[in-house]
2 protein chains.
Amino acid sequence: MGRRGRVVLRRIEDRVRRGICFRKRLAGLEKKVEELAVLCDAHVGFVVLSCSGDDANPHHFAAPATHLELLFH
Amino acid sequence: MGRRGRVVLRRIEDRVRRGICFRKRLAGLEKKVEELAVLCDAHVGFVVLSCSGDDANPHHFAAPATHLELLFH
DNA sequence: TGGCCTATAATTAGGAC
DNA sequence: AGTCCTAATTATAGGCC
């Protein structure tokens, strides 16, 4: 994707590239979730527990904040 | 987006258009979640409880299936 | 490592049927 | 309401610093 070729749905073996991809896509996902919630007045939440080989960035998110109680109560 | 103008982050007031947008974006989100999980070997899940004014389509999803236990146990 | 840049791929709103 | 089409926007891999 981006500059070269299409997405191949397969684990990215290189640790560094996998981490970069993880951070970029996580940001994109957060935006999409927020958009779905607001545009469609939906209750949406998502959880990311970890990225393999990257203990530094366990993550958690739900959007928007007012839905948090509903989802994770 | 698409044919006319940019995304405005605001509730779509028209019921029919909101429902269409909901279904399209939900499908897109499922794909993105699946991709994040596989590409980055991450544990990801998301929940959609409802779309306002569309009781027909409460939805639930987590990807991939092997992560379900981890996330919603 | 982390932020910008940008060439491409991917998503999607609206239309047609 | 569902499916296909496609223009136009948006997301993002790889580069660069």
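Residue numbers start from 1 in every chain, and the chains themselves are labelled A, B, ... in the order their sequence lines are given, proteins ahead of strands.
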In this structure, how many angstroms lie between the P atom of C/dA13 and the CZ atom of B/Arg10, rounded? 17 Å
Using atom CD of B/Glu35 as one end and atom P of D/dT12 as the other, report the distance to the nearest whole Å. 8 Å
Within this structure, what is the CD1-to-P distance between A/Ile20 and C/dC5, rounded to whole angstrom? 18 Å
Is there a side-chain polar atom (N or O) of B/Lys24 under 4.0 Å from OP1 or OP2 of C/dA13? no
Quick check on C/dT1: is either OP1 or OP2 less than 4.0 Å from any side-chain nitrogen or oxygen of A/Arg23? no
Atom pair distance, as rounded to whole Å: CZ in A/Arg18 and P in D/dG14: 14 Å
Could you state the atom-to-atom distance from CD1 of B/Ile12 to C1' of C/dG14 in whole Å? 12 Å
Going by side-chain contact (heavy atoms from CB on, under 4.5 Å), A/Val38 matches just one of B/Ile12, B/Val8, B/Leu9, B/Val7. Which one? B/Leu9
Between A/Glu30 and A/Leu26, is any pair of side-chain heavy atoms under 4.5 Å apart? yes
Out of D/dA13, C/dA13, C/dT11, whichever nucleotide has its closest atom nearest the side chain of B/Arg17: C/dA13
Taking the nucleotide of DNA chain C with the closest heavy atom to each, which residue, B/Ala27 or A/Val16, is nearer the 5' end? A/Val16
A/Arg11 vs B/Leu39 side-chain heavy atoms within contact, under 4.5 Å: no
Side-chain contact check for B/Val7: nearest option of D/dA13, C/dT11, D/dT10 is D/dT10
Check whether any side-chain N or O of A/Lys32 sits under 4.0 Å from OP1 or OP2 of C/dT12, and answer yes or no. yes
Any donor-acceptor pair under 3.5 Å linking the side chain of A/Arg18 with the backbone of A/Glu13? yes
Give me the atom names and distance for the closest heavy-atom approach of B/Ala42 to A/Phe22. CB-CE1, 3.8 Å
Value in whole Å for how far the C1' atom of C/dA13 lies from CZ of B/Phe22: 17 Å
Would you kindly give the CG-to-P distance between B/Asp14 and C/dG14, to the nearest whole Å? 9 Å
Please determine if a side-chain N or O atom of B/Arg6 lies less than 4.0 Å away from the OP1 or OP2 oxygen of D/dA8. no
When rounded to whole Å, the CZ to P distance for the pair A/Arg25 and D/dG14 reads 11 Å
